[in-house]
2 protein chains.
Amino acid sequence: MPEGDAEGDFGDDVEARAEHGTHSDAEDDTETGAATENGTPTGGRTRRRGKALLDAIYTAAVEEAAVARGGRLTMDAIAKRAATARSTLYRRWNDPTDLLLDALADLHPVEQPAPGADDLRGDLTRSLRLMCDWAFSPAGRAVMAIVANPGRDSAAVEALYERVFAARGGTFTQTVLRHYAEHGHFDPARLTPVVVDLGEALVTKRMMDTGADPGDDYLAAIVDQAILPAIGLDPAH
Amino acid sequence: MPEGDAEGDFGDDVEARAEHGTHSDAEDDTETGAATENGTPTGGRTRRRGKALLDAIYTAAVEEAAVARGGRLTMDAIAKRAATARSTLYRRWNDPTDLLLDALADLHPVEQPAPGADDLRGDLTRSLRLMCDWAFSPAGRAVMAIVANPGRDSAAVEALYERVFAARGGTFTQTVLRHYAEHGHFDPARLTPVVVDLGEALVTKRMMDTGADPGDDYLAAIVDQAILPAIGLDPAH
DNA sequence: ATTATTAGCTACAGTCGTGTATCTTAAAGT
DNA sequence: ACTTTAAGATACACGACTGTAGCTAATAAT
(Lines give C-alpha, C1' and ligand atoms only; values in the text may rest on other atoms or scores of the structure.)
Protein backbone atom coordinates (compact mmCIF):
# COMPACT_ATOMS: atom_id res chain seq x y z
CA MET A 1 0.00 0.00 0.00
CA PRO A 2 2.58 2.64 0.89
CA GLU A 3 4.55 4.22 -1.90
CA GLY A 4 6.85 7.15 -1.33
CA ASP A 5 7.08 9.38 1.67
CA ALA A 6 4.19 11.29 3.10
CA GLU A 7 4.75 14.89 2.13
CA GLY A 8 2.19 16.26 4.46
CA ASP A 9 -1.13 15.41 5.88
CA PHE A 10 -4.65 16.22 4.93
CA GLY A 11 -5.28 18.51 7.76
CA ASP A 12 -2.10 20.41 8.43
CA ASP A 13 -2.74 23.51 6.38
CA VAL A 14 -6.35 23.95 7.28
CA GLU A 15 -5.50 23.36 10.87
CA ALA A 16 -3.06 26.25 10.93
CA ARG A 17 -5.61 28.60 9.41
CA ALA A 18 -8.35 27.27 11.60
CA GLU A 19 -6.39 27.93 14.75
CA HIS A 20 -6.03 31.51 13.73
CA GLY A 21 -9.73 31.82 13.13
CA THR A 22 -10.67 30.23 16.39
CA HIS A 23 -8.44 32.68 18.16
CA SER A 24 -10.71 35.63 17.59
CA ASP A 25 -13.43 34.92 20.05
CA ALA A 26 -16.45 37.03 20.86
CA GLU A 27 -14.80 39.12 23.56
CA ASP A 28 -11.92 40.09 21.36
CA ASP A 29 -14.22 41.23 18.62
CA THR A 30 -16.22 43.33 20.99
CA GLU A 31 -13.14 45.03 22.36
CA THR A 32 -11.11 45.58 19.25
CA GLY A 33 -13.67 45.94 16.51
CA ALA A 34 -11.91 43.24 14.53
CA ALA A 35 -13.51 41.46 11.62
CA THR A 36 -15.66 38.45 12.40
CA GLU A 37 -14.99 34.88 11.40
CA ASN A 38 -16.16 35.35 7.86
CA GLY A 39 -14.26 38.51 7.23
CA THR A 40 -17.17 40.93 7.34
CA PRO A 41 -16.40 43.99 9.50
CA THR A 42 -19.14 44.33 12.11
CA GLY A 43 -17.92 47.42 13.93
CA GLY A 44 -17.16 45.57 17.13
CA ARG A 45 -20.49 43.80 17.19
CA THR A 46 -20.83 40.05 17.53
CA ARG A 47 -24.41 39.34 16.53
CA ARG A 48 -25.17 38.23 13.04
CA ARG A 49 -28.41 37.23 11.40
CA GLY A 50 -29.56 35.66 8.19
CA LYS A 51 -27.00 34.82 5.57
CA ALA A 52 -24.01 36.17 7.43
CA LEU A 53 -24.75 33.93 10.38
CA LEU A 54 -25.49 30.90 8.24
CA ASP A 55 -22.32 31.40 6.24
CA ALA A 56 -20.27 31.54 9.40
CA ILE A 57 -21.91 28.44 10.82
CA TYR A 58 -21.65 26.47 7.60
CA THR A 59 -18.04 27.38 7.07
CA ALA A 60 -17.24 26.44 10.64
CA ALA A 61 -19.00 23.10 10.37
CA VAL A 62 -17.19 22.10 7.22
CA GLU A 63 -13.81 23.25 8.48
CA GLU A 64 -14.33 21.51 11.77
CA ALA A 65 -15.31 18.28 10.03
CA ALA A 66 -12.26 18.57 7.81
CA VAL A 67 -9.78 18.69 10.64
CA ALA A 68 -11.39 17.06 13.63
CA ARG A 69 -9.04 14.58 15.22
CA GLY A 70 -10.55 11.16 15.46
CA GLY A 71 -13.14 12.29 12.98
CA ARG A 72 -15.27 13.61 15.75
CA LEU A 73 -17.62 16.46 15.00
CA THR A 74 -19.25 18.26 17.92
CA MET A 75 -21.69 21.09 18.31
CA ASP A 76 -19.38 22.68 20.81
CA ALA A 77 -16.45 22.81 18.42
CA ILE A 78 -18.57 24.18 15.58
CA ALA A 79 -20.00 26.85 17.80
CA LYS A 80 -16.57 27.90 18.99
CA ARG A 81 -15.22 28.00 15.46
CA ALA A 82 -18.20 30.00 14.23
CA ALA A 83 -17.95 32.34 17.24
CA THR A 84 -21.59 31.73 17.99
CA ALA A 85 -23.58 30.27 20.83
CA ARG A 86 -24.48 26.61 21.00
CA SER A 87 -28.05 27.58 21.68
CA THR A 88 -28.08 29.20 18.27
CA LEU A 89 -27.07 25.93 16.68
CA TYR A 90 -29.53 23.86 18.69
CA ARG A 91 -32.37 26.13 17.66
CA ARG A 92 -32.00 24.86 14.15
CA TRP A 93 -30.22 21.52 14.17
CA ASN A 94 -30.50 18.46 16.35
CA ASP A 95 -26.98 17.26 15.85
CA PRO A 96 -23.75 18.20 14.14
CA THR A 97 -24.21 15.81 11.25
CA ASP A 98 -27.50 17.43 10.24
CA LEU A 99 -25.74 20.74 10.32
CA LEU A 100 -22.83 19.48 8.26
CA LEU A 101 -25.11 18.04 5.60
CA ASP A 102 -26.92 21.35 5.31
CA ALA A 103 -23.55 23.06 5.05
CA LEU A 104 -22.29 20.75 2.34
CA ALA A 105 -25.49 21.07 0.34
CA ASP A 106 -25.20 24.84 0.59
CA LEU A 107 -21.59 24.88 -0.50
CA HIS A 108 -22.44 23.15 -3.72
CA PRO A 109 -22.01 23.35 -6.67
CA VAL A 110 -18.48 22.21 -7.30
CA GLU A 111 -16.76 23.33 -10.42
CA GLN A 112 -17.26 20.79 -13.17
CA PRO A 113 -14.92 19.83 -15.98
CA ALA A 114 -15.54 21.63 -19.27
CA PRO A 115 -14.40 19.24 -21.97
CA GLY A 116 -13.30 20.71 -25.29
CA ALA A 117 -13.34 19.07 -28.67
CA ASP A 118 -10.13 17.27 -29.29
CA ASP A 119 -7.93 16.74 -26.25
CA LEU A 120 -9.16 13.69 -24.43
CA ARG A 121 -5.96 13.14 -22.56
CA GLY A 122 -5.67 16.75 -21.47
CA ASP A 123 -9.29 17.00 -20.45
CA LEU A 124 -9.06 13.83 -18.40
CA THR A 125 -5.96 15.08 -16.65
CA ARG A 126 -7.59 18.43 -15.94
CA SER A 127 -10.68 16.74 -14.55
CA LEU A 128 -8.51 14.74 -12.17
CA ARG A 129 -6.78 17.95 -11.17
CA LEU A 130 -10.19 19.44 -10.38
CA MET A 131 -11.01 16.43 -8.31
CA CYS A 132 -7.77 16.72 -6.36
CA ASP A 133 -8.33 20.39 -5.69
CA TRP A 134 -11.82 19.70 -4.44
CA ALA A 135 -10.69 16.73 -2.39
CA PHE A 136 -8.26 18.93 -0.47
CA SER A 137 -10.82 21.64 0.10
CA PRO A 138 -12.54 21.69 3.46
CA ALA A 139 -15.73 20.42 1.80
CA GLY A 140 -13.91 17.53 0.20
CA ARG A 141 -12.29 16.63 3.47
CA ALA A 142 -15.56 16.82 5.30
CA VAL A 143 -17.15 14.49 2.78
CA MET A 144 -14.28 12.09 3.17
CA ALA A 145 -14.70 12.12 6.91
CA ILE A 146 -18.32 11.06 6.51
CA VAL A 147 -17.89 8.46 3.80
CA ALA A 148 -14.70 6.75 4.82
CA ASN A 149 -15.45 6.06 8.43
CA PRO A 150 -16.16 2.34 8.96
CA GLY A 151 -18.42 3.15 11.88
CA ARG A 152 -20.30 5.61 9.77
CA ASP A 153 -23.95 6.45 10.06
CA SER A 154 -25.55 5.00 6.97
CA ALA A 155 -28.43 7.46 7.05
CA ALA A 156 -25.99 10.35 6.93
CA VAL A 157 -24.15 8.83 4.00
CA GLU A 158 -27.38 8.35 2.09
CA ALA A 159 -28.43 11.89 2.79
CA LEU A 160 -25.03 13.05 1.60
CA TYR A 161 -25.41 11.27 -1.71
CA GLU A 162 -28.97 12.48 -2.22
CA ARG A 163 -28.44 16.08 -1.27
CA VAL A 164 -24.87 16.76 -2.27
CA PHE A 165 -23.88 14.33 -5.00
CA ALA A 166 -27.17 13.73 -6.81
CA ALA A 167 -26.87 17.16 -8.37
CA ARG A 168 -23.47 16.32 -9.76
CA GLY A 169 -24.12 13.70 -12.39
CA GLY A 170 -21.32 11.29 -11.65
CA THR A 171 -17.56 11.42 -11.31
CA PHE A 172 -15.32 14.22 -12.49
CA THR A 173 -13.93 12.01 -15.25
CA GLN A 174 -17.34 10.75 -16.31
CA THR A 175 -18.31 14.09 -17.78
CA VAL A 176 -15.23 14.06 -19.96
CA LEU A 177 -15.48 10.42 -20.92
CA ARG A 178 -19.12 10.69 -21.89
CA HIS A 179 -18.44 13.76 -23.97
CA TYR A 180 -15.69 12.11 -25.99
CA ALA A 181 -17.58 8.86 -26.42
CA GLU A 182 -20.52 10.79 -27.80
CA HIS A 183 -18.16 12.46 -30.23
CA GLY A 184 -17.00 9.11 -31.53
CA HIS A 185 -13.55 8.94 -29.99
CA PHE A 186 -14.16 5.47 -28.54
CA ASP A 187 -16.91 2.92 -28.09
CA PRO A 188 -19.50 4.14 -25.55
CA ALA A 189 -19.94 0.54 -24.40
CA ARG A 190 -16.63 0.99 -22.64
CA LEU A 191 -18.25 3.37 -20.13
CA THR A 192 -18.97 0.83 -17.44
CA PRO A 193 -19.24 1.64 -13.71
CA VAL A 194 -15.70 0.33 -13.24
CA VAL A 195 -14.19 2.46 -15.98
CA VAL A 196 -16.10 5.56 -14.93
CA ASP A 197 -14.76 5.14 -11.40
CA LEU A 198 -11.14 4.49 -12.36
CA GLY A 199 -9.65 7.95 -12.11
CA GLU A 200 -11.26 8.95 -8.89
CA ALA A 201 -10.56 5.62 -7.29
CA LEU A 202 -6.84 5.82 -7.99
CA VAL A 203 -6.66 9.43 -6.81
CA THR A 204 -8.60 8.68 -3.65
CA LYS A 205 -6.43 5.72 -2.78
CA ARG A 206 -3.25 7.63 -3.44
CA MET A 207 -4.36 10.43 -1.16
CA MET A 208 -5.18 7.97 1.59
CA ASP A 209 -1.84 6.26 1.27
CA THR A 210 0.28 9.39 1.20
CA GLY A 211 -1.88 12.01 2.83
CA ALA A 212 -0.82 14.37 0.07
CA ASP A 213 -1.88 15.62 -3.35
CA PRO A 214 -0.79 12.96 -5.87
CA GLY A 215 0.88 15.49 -8.15
CA ASP A 216 0.42 16.14 -11.85
CA ASP A 217 2.79 13.37 -12.94
CA TYR A 218 0.74 10.77 -11.11
CA LEU A 219 -2.46 12.17 -12.59
CA ALA A 220 -1.00 11.90 -16.07
CA ALA A 221 0.11 8.36 -15.31
CA ILE A 222 -3.43 7.49 -14.23
CA VAL A 223 -4.73 8.72 -17.58
CA ASP A 224 -2.06 7.00 -19.67
CA GLN A 225 -1.69 3.73 -17.76
CA ALA A 226 -5.22 3.05 -16.58
CA ILE A 227 -7.98 5.14 -18.16
CA LEU A 228 -6.87 5.18 -21.80
CA PRO A 229 -6.16 1.44 -21.89
CA ALA A 230 -9.53 0.77 -20.29
CA ILE A 231 -11.36 2.61 -23.09
CA GLY A 232 -9.33 0.92 -25.76
CA LEU A 233 -6.90 3.76 -26.46
CA ASP A 234 -3.78 2.30 -24.90
CA PRO A 235 -0.85 4.63 -25.68
CA ALA A 236 1.51 1.67 -25.54
CA HIS A 237 -0.22 0.10 -28.52
CA MET B 1 -20.15 8.75 -7.18
CA PRO B 2 -23.10 6.74 -5.96
CA GLU B 3 -24.05 3.66 -7.88
CA GLY B 4 -26.74 1.28 -6.74
CA ASP B 5 -28.33 1.06 -3.38
CA ALA B 6 -26.42 0.58 -0.21
CA GLU B 7 -26.94 -3.00 0.84
CA GLY B 8 -25.64 -2.54 4.28
CA ASP B 9 -23.02 -0.64 6.10
CA PHE B 10 -19.52 -1.37 7.17
CA GLY B 11 -20.32 -1.64 10.76
CA ASP B 12 -23.71 -3.26 11.06
CA ASP B 13 -22.68 -6.87 11.37
CA VAL B 14 -19.79 -6.36 13.68
CA GLU B 15 -21.86 -4.05 15.77
CA ALA B 16 -24.45 -6.72 16.35
CA ARG B 17 -21.80 -9.20 17.42
CA ALA B 18 -19.98 -6.59 19.40
CA GLU B 19 -23.04 -5.66 21.39
CA HIS B 20 -23.39 -9.26 22.38
CA GLY B 21 -19.78 -9.42 23.46
CA THR B 22 -19.98 -6.26 25.47
CA HIS B 23 -22.96 -7.65 27.24
CA SER B 24 -21.05 -10.20 29.20
CA ASP B 25 -19.38 -7.98 31.71
CA ALA B 26 -17.13 -8.97 34.55
CA GLU B 27 -19.89 -9.42 37.10
CA ASP B 28 -21.87 -11.75 34.91
CA ASP B 29 -18.85 -13.94 34.34
CA THR B 30 -18.14 -14.16 37.99
CA GLU B 31 -21.68 -15.20 38.80
CA THR B 32 -22.43 -17.61 36.02
CA GLY B 33 -19.08 -19.14 35.16
CA ALA B 34 -19.65 -18.15 31.55
CA ALA B 35 -16.84 -18.04 29.02
CA THR B 36 -14.86 -14.85 28.84
CA GLU B 37 -14.73 -12.47 25.93
CA ASN B 38 -12.38 -14.60 23.90
CA GLY B 39 -14.25 -17.82 24.42
CA THR B 40 -11.91 -19.45 26.90
CA PRO B 41 -13.69 -20.98 29.87
CA THR B 42 -12.22 -19.52 33.07
CA GLY B 43 -14.32 -21.32 35.63
CA GLY B 44 -16.04 -18.17 36.84
CA ARG B 45 -12.79 -16.24 37.19
CA THR B 46 -12.22 -12.88 35.54
CA ARG B 47 -8.50 -12.45 35.78
CA ARG B 48 -6.32 -13.24 32.88
CA ARG B 49 -2.62 -12.90 32.38
CA GLY B 50 -0.17 -13.10 29.55
CA LYS B 51 -1.42 -14.08 26.15
CA ALA B 52 -5.03 -14.57 27.16
CA LEU B 53 -5.21 -11.05 28.48
CA LEU B 54 -3.37 -9.56 25.52
CA ASP B 55 -5.57 -11.40 23.06
CA ALA B 56 -8.68 -10.06 24.76
CA ILE B 57 -7.34 -6.53 24.82
CA TYR B 58 -6.12 -6.61 21.22
CA THR B 59 -9.33 -8.07 19.94
CA ALA B 60 -11.32 -5.48 21.83
CA ALA B 61 -9.21 -2.62 20.54
CA VAL B 62 -9.56 -3.66 16.93
CA GLU B 63 -13.26 -4.33 17.20
CA GLU B 64 -13.84 -1.07 18.95
CA ALA B 65 -11.90 0.83 16.29
CA ALA B 66 -13.87 -0.91 13.61
CA VAL B 67 -17.24 0.21 14.88
CA ALA B 68 -16.72 3.35 16.89
CA ARG B 69 -19.31 5.92 15.96
CA GLY B 70 -17.80 9.26 15.22
CA GLY B 71 -14.54 7.44 14.74
CA ARG B 72 -13.62 7.87 18.33
CA LEU B 73 -11.47 5.28 20.01
CA THR B 74 -11.28 5.47 23.78
CA MET B 75 -9.51 3.56 26.50
CA ASP B 76 -12.76 3.30 28.38
CA ALA B 77 -14.56 1.60 25.50
CA ILE B 78 -11.71 -0.80 24.88
CA ALA B 79 -11.54 -1.71 28.55
CA LYS B 80 -15.27 -2.36 28.68
CA ARG B 81 -15.17 -4.48 25.55
CA ALA B 82 -12.20 -6.46 26.80
CA ALA B 83 -13.86 -6.85 30.21
CA THR B 84 -10.73 -5.53 31.82
CA ALA B 85 -9.81 -2.58 33.97
CA ARG B 86 -8.60 0.68 32.54
CA SER B 87 -5.71 0.60 34.92
CA THR B 88 -4.60 -2.56 33.21
CA LEU B 89 -4.53 -0.73 29.88
CA TYR B 90 -2.79 2.32 31.25
CA ARG B 91 -0.05 0.17 32.77
CA ARG B 92 1.09 -0.66 29.26
CA TRP B 93 -0.14 1.98 26.86
CA ASN B 94 -0.38 5.73 26.98
CA ASP B 95 -3.28 6.10 24.60
CA PRO B 96 -5.71 4.03 22.58
CA THR B 97 -3.90 4.57 19.31
CA ASP B 98 -0.70 3.05 20.64
CA LEU B 99 -2.74 0.10 21.79
CA LEU B 100 -4.47 -0.24 18.46
CA LEU B 101 -1.20 -0.20 16.54
CA ASP B 102 0.18 -2.94 18.77
CA ALA B 103 -3.00 -4.89 18.20
CA LEU B 104 -2.87 -4.55 14.44
CA ALA B 105 0.79 -5.51 14.31
CA ASP B 106 0.00 -8.56 16.38
CA LEU B 107 -2.91 -9.59 14.23
CA HIS B 108 -0.71 -9.76 11.18
CA PRO B 109 0.01 -11.56 8.97
CA VAL B 110 -2.90 -11.41 6.56
CA GLU B 111 -3.43 -14.29 4.21
CA GLN B 112 -1.65 -13.65 0.92
CA PRO B 113 -2.64 -14.64 -2.58
CA ALA B 114 -1.03 -17.84 -3.82
CA PRO B 115 -0.80 -17.49 -7.58
CA GLY B 116 -0.71 -20.68 -9.64
CA ALA B 117 0.75 -21.16 -13.08
CA ASP B 118 -1.77 -20.39 -15.69
CA ASP B 119 -4.85 -18.55 -14.53
CA LEU B 120 -4.02 -14.88 -14.40
CA ARG B 121 -7.62 -13.77 -14.49
CA GLY B 122 -8.72 -16.19 -11.80
CA ASP B 123 -5.79 -15.40 -9.57
CA LEU B 124 -6.41 -11.68 -9.86
CA THR B 125 -10.07 -12.12 -9.02
CA ARG B 126 -9.21 -14.31 -6.05
CA SER B 127 -6.70 -11.78 -4.78
CA LEU B 128 -9.35 -9.08 -4.89
CA ARG B 129 -11.70 -11.40 -3.03
CA LEU B 130 -9.02 -11.80 -0.37
CA MET B 131 -8.70 -8.07 -0.14
CA CYS B 132 -12.45 -7.63 0.25
CA ASP B 133 -12.61 -10.22 2.96
CA TRP B 134 -9.79 -8.56 4.85
CA ALA B 135 -11.25 -5.10 4.34
CA PHE B 136 -14.46 -6.18 6.02
CA SER B 137 -12.66 -7.82 8.91
CA PRO B 138 -12.35 -5.84 12.12
CA ALA B 139 -8.65 -5.30 11.37
CA GLY B 140 -9.38 -3.98 7.92
CA ARG B 141 -11.99 -1.66 9.27
CA ALA B 142 -9.70 -0.44 12.00
CA VAL B 143 -7.02 0.33 9.45
CA MET B 144 -9.53 2.20 7.36
CA ALA B 145 -10.55 4.26 10.34
CA ILE B 146 -6.95 5.35 10.82
CA VAL B 147 -6.01 5.97 7.21
CA ALA B 148 -9.11 7.53 5.78
CA ASN B 149 -9.73 10.21 8.33
CA PRO B 150 -8.78 13.65 7.00
CA GLY B 151 -7.94 14.84 10.47
CA ARG B 152 -5.74 11.85 10.97
CA ASP B 153 -2.67 11.70 13.14
CA SER B 154 0.18 11.45 10.67
CA ALA B 155 2.50 9.81 13.18
CA ALA B 156 -0.03 7.04 13.70
CA VAL B 157 -0.40 6.51 9.97
CA GLU B 158 3.34 6.27 9.52
CA ALA B 159 3.62 3.82 12.36
CA LEU B 160 0.83 1.80 10.78
CA TYR B 161 2.61 1.55 7.50
CA GLU B 162 5.92 0.69 9.10
CA ARG B 163 4.66 -1.87 11.56
CA VAL B 164 1.71 -3.40 9.80
CA PHE B 165 2.09 -2.96 6.07
CA ALA B 166 5.86 -3.04 5.61
CA ALA B 167 5.76 -6.77 6.21
CA ARG B 168 3.26 -7.24 3.43
CA GLY B 169 5.16 -6.48 0.27
CA GLY B 170 2.62 -4.42 -1.60
CA THR B 171 -0.96 -4.79 -2.69
CA PHE B 172 -2.90 -8.03 -2.88
CA THR B 173 -2.89 -7.87 -6.67
CA GLN B 174 0.79 -7.00 -6.89
CA THR B 175 1.85 -10.47 -5.80
CA VAL B 176 -0.18 -12.01 -8.59
CA LEU B 177 0.83 -9.48 -11.22
CA ARG B 178 4.52 -9.79 -10.43
CA HIS B 179 4.31 -13.57 -10.56
CA TYR B 180 2.72 -13.65 -14.00
CA ALA B 181 5.00 -10.95 -15.39
CA GLU B 182 8.01 -12.98 -14.29
CA HIS B 183 6.53 -15.98 -16.08
CA GLY B 184 6.32 -14.06 -19.32
CA HIS B 185 2.60 -13.46 -19.54
CA PHE B 186 3.07 -9.72 -20.12
CA ASP B 187 5.72 -7.03 -20.16
CA PRO B 188 7.00 -6.35 -16.61
CA ALA B 189 7.39 -2.70 -17.56
CA ARG B 190 3.63 -2.48 -17.21
CA LEU B 191 3.91 -2.89 -13.44
CA THR B 192 3.86 0.78 -12.55
CA PRO B 193 2.63 2.16 -9.22
CA VAL B 194 -0.65 3.09 -10.91
CA VAL B 195 -1.27 -0.34 -12.34
CA VAL B 196 -0.27 -2.09 -9.14
CA ASP B 197 -2.78 0.02 -7.23
CA LEU B 198 -5.67 -0.37 -9.66
CA GLY B 199 -7.53 -3.28 -8.14
CA GLU B 200 -7.36 -2.16 -4.58
CA ALA B 201 -8.22 1.40 -5.47
CA LEU B 202 -11.40 0.40 -7.28
CA VAL B 203 -12.42 -1.96 -4.49
CA THR B 204 -11.74 0.63 -1.82
CA LYS B 205 -13.74 3.27 -3.58
CA ARG B 206 -16.62 0.94 -4.24
CA MET B 207 -16.77 0.01 -0.59
CA MET B 208 -16.77 3.64 0.41
CA ASP B 209 -19.53 4.50 -2.02
CA THR B 210 -21.82 1.63 -1.16
CA GLY B 211 -20.75 0.61 2.33
CA ALA B 212 -20.97 -2.99 1.15
CA ASP B 213 -18.86 -5.76 -0.31
CA PRO B 214 -18.58 -5.08 -4.06
CA GLY B 215 -19.58 -8.62 -5.00
CA ASP B 216 -17.85 -11.14 -7.23
CA ASP B 217 -19.30 -9.71 -10.44
CA TYR B 218 -17.81 -6.33 -9.73
CA LEU B 219 -14.45 -7.90 -8.88
CA ALA B 220 -14.48 -9.76 -12.18
CA ALA B 221 -15.36 -6.52 -13.97
CA ILE B 222 -12.40 -4.80 -12.31
CA VAL B 223 -10.11 -7.49 -13.65
CA ASP B 224 -11.58 -7.54 -17.17
CA GLN B 225 -12.24 -3.84 -17.66
CA ALA B 226 -9.36 -2.20 -15.83
CA ILE B 227 -6.48 -4.48 -14.85
CA LEU B 228 -6.14 -6.64 -17.94
CA PRO B 229 -6.33 -3.67 -20.34
CA ALA B 230 -3.75 -1.84 -18.24
CA ILE B 231 -1.24 -4.68 -18.63
CA GLY B 232 -1.91 -4.99 -22.33
CA LEU B 233 -4.21 -8.00 -22.19
CA ASP B 234 -7.49 -6.33 -23.01
CA PRO B 235 -10.18 -9.03 -23.42
CA ALA B 236 -12.07 -6.75 -25.81
CA HIS B 237 -9.18 -6.83 -28.28
C1' DA C 1 3.36 -23.62 51.04
C1' DT C 2 5.48 -19.23 50.10
C1' DT C 3 6.63 -15.33 47.33
C1' DA C 4 6.39 -12.06 43.62
C1' DT C 5 3.76 -9.96 40.24
C1' DT C 6 0.09 -7.54 38.56
C1' DA C 7 -5.02 -7.88 37.24
C1' DG C 8 -9.07 -6.09 38.68
C1' DC C 9 -11.69 -3.03 41.51
C1' DT C 10 -12.76 1.30 43.33
C1' DA C 11 -12.29 6.06 44.12
C1' DC C 12 -11.03 10.65 42.96
C1' DA C 13 -10.61 15.13 40.60
C1' DG C 14 -10.86 17.03 36.40
C1' DT C 15 -12.16 18.07 31.37
C1' DC C 16 -15.15 17.96 27.55
C1' DG C 17 -19.44 17.86 25.49
C1' DT C 18 -24.54 17.44 25.67
C1' DG C 19 -29.10 19.38 25.82
C1' DT C 20 -31.90 22.51 28.06
C1' DA C 21 -33.51 26.79 30.20
C1' DT C 22 -33.54 31.67 30.93
C1' DC C 23 -32.36 36.34 30.30
C1' DT C 24 -30.70 40.55 27.91
C1' DT C 25 -30.49 43.05 24.00
C1' DA C 26 -28.82 43.56 19.08
C1' DA C 27 -30.76 43.44 14.64
C1' DA C 28 -34.42 43.86 11.56
C1' DG C 29 -38.89 45.26 10.31
C1' DT C 30 -42.67 48.50 10.56
C1' DA D 1 -39.52 55.55 17.50
C1' DC D 2 -41.56 51.25 18.62
C1' DT D 3 -42.08 46.26 18.21
C1' DT D 4 -40.71 41.70 17.14
C1' DT D 5 -37.43 38.24 16.64
C1' DA D 6 -33.86 35.49 17.88
C1' DA D 7 -28.63 35.80 18.71
C1' DG D 8 -25.57 35.53 22.28
C1' DA D 9 -24.39 34.81 27.03
C1' DT D 10 -24.75 32.22 31.01
C1' DA D 11 -26.06 28.56 34.02
C1' DC D 12 -27.32 23.93 35.12
C1' DA D 13 -27.30 18.83 35.55
C1' DC D 14 -25.63 15.03 33.49
C1' DG D 15 -22.81 11.50 31.04
C1' DA D 16 -18.56 9.99 29.06
C1' DC D 17 -13.93 9.82 29.40
C1' DT D 18 -9.27 10.84 31.27
C1' DG D 19 -5.34 9.79 34.18
C1' DT D 20 -3.98 8.69 38.62
C1' DA D 21 -3.74 6.37 43.12
C1' DG D 22 -4.26 2.71 46.30
C1' DC D 23 -5.84 -1.76 47.71
C1' DT D 24 -6.98 -6.78 47.57
C1' DA D 25 -6.11 -11.02 45.96
C1' DA D 26 -5.70 -14.06 41.78
C1' DT D 27 -2.16 -16.06 39.08
C1' DA D 28 2.23 -17.91 38.21
C1' DA D 29 6.67 -19.21 39.68
C1' DT D 30 9.56 -21.31 43.05
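Proteins get letters first, then strands, A, B, ... in listed order; numbering begins at 1 in each.
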Under 3.5 Å, side chain of [X] to main-chain N/O of [Y], donor-acceptor pair present?
X: A:Arg152; Y: B:Met208; answer: yes
X: B:Glu200; Y: B:Met131; answer: no
X: A:Thr210; Y: A:Arg206; answer: yes

I need the [atom1]-[atom2] distance between [X] and [N], as an integer number of Å.
X: B:Ile78; N: D:dG19; atom1: CD1; atom2: C1'; value: 15 Å
X: A:Lys80; N: C:dT18; atom1: NZ; atom2: P; value: 9 Å
X: B:Asp98; N: D:dT18; atom1: CG; atom2: P; value: 13 Å
X: A:Arg48; N: C:dA26; atom1: CZ; atom2: P; value: 15 Å
X: A:Lys51; N: C:dA27; atom1: NZ; atom2: P; value: 18 Å
X: A:Leu53; N: C:dA26; atom1: CG; atom2: C1'; value: 13 Å
X: A:Leu54; N: C:dA27; atom1: CG; atom2: P; value: 17 Å
X: B:Ile57; N: C:dG8; atom1: CD1; atom2: P; value: 7 Å

Does the pair A:Arg163/A:Asp102 count as a salt bridge with the N-to-O cut at 4.0 Å? yes
With the threshold set at 4.0 Å, does a side-chain nitrogen-carboxylate oxygen contact exist between A:Asp76 and A:Arg81? no
Can you tell which of C:dG17, D:dT18, C:dG8 lies closest to the side chain of B:Met75? D:dT18
Please confirm whether any donor atom in the side chain of B:Arg47 sits under 3.5 Å from an acceptor in the base of D:dA25, or the reverse. yes
Quick one: pull up CG in B:Leu128 and CG in B:Asp216 and give me the separation to the nearest 0.5 Å. 10.0 Å
Note: for B:Pro96 and B:Arg49 on DNA chain D, the residue whose nearest nucleotide lies more 5' is B:Pro96
Specify whether B:Trp134 and B:Phe165 have parallel, tilted or perpendicular ring planes, treating 30° as the upper limit for parallel and 60° as the lower limit for perpendicular. perpendicular
Kindly state which residues belonging to residues 86-95 of chain B come within less than 4.0 angstrom of DNA chain C, counting heavy atoms of the residue only, listed by number. B:Ser87, B:Thr88, B:Arg91, B:Arg92
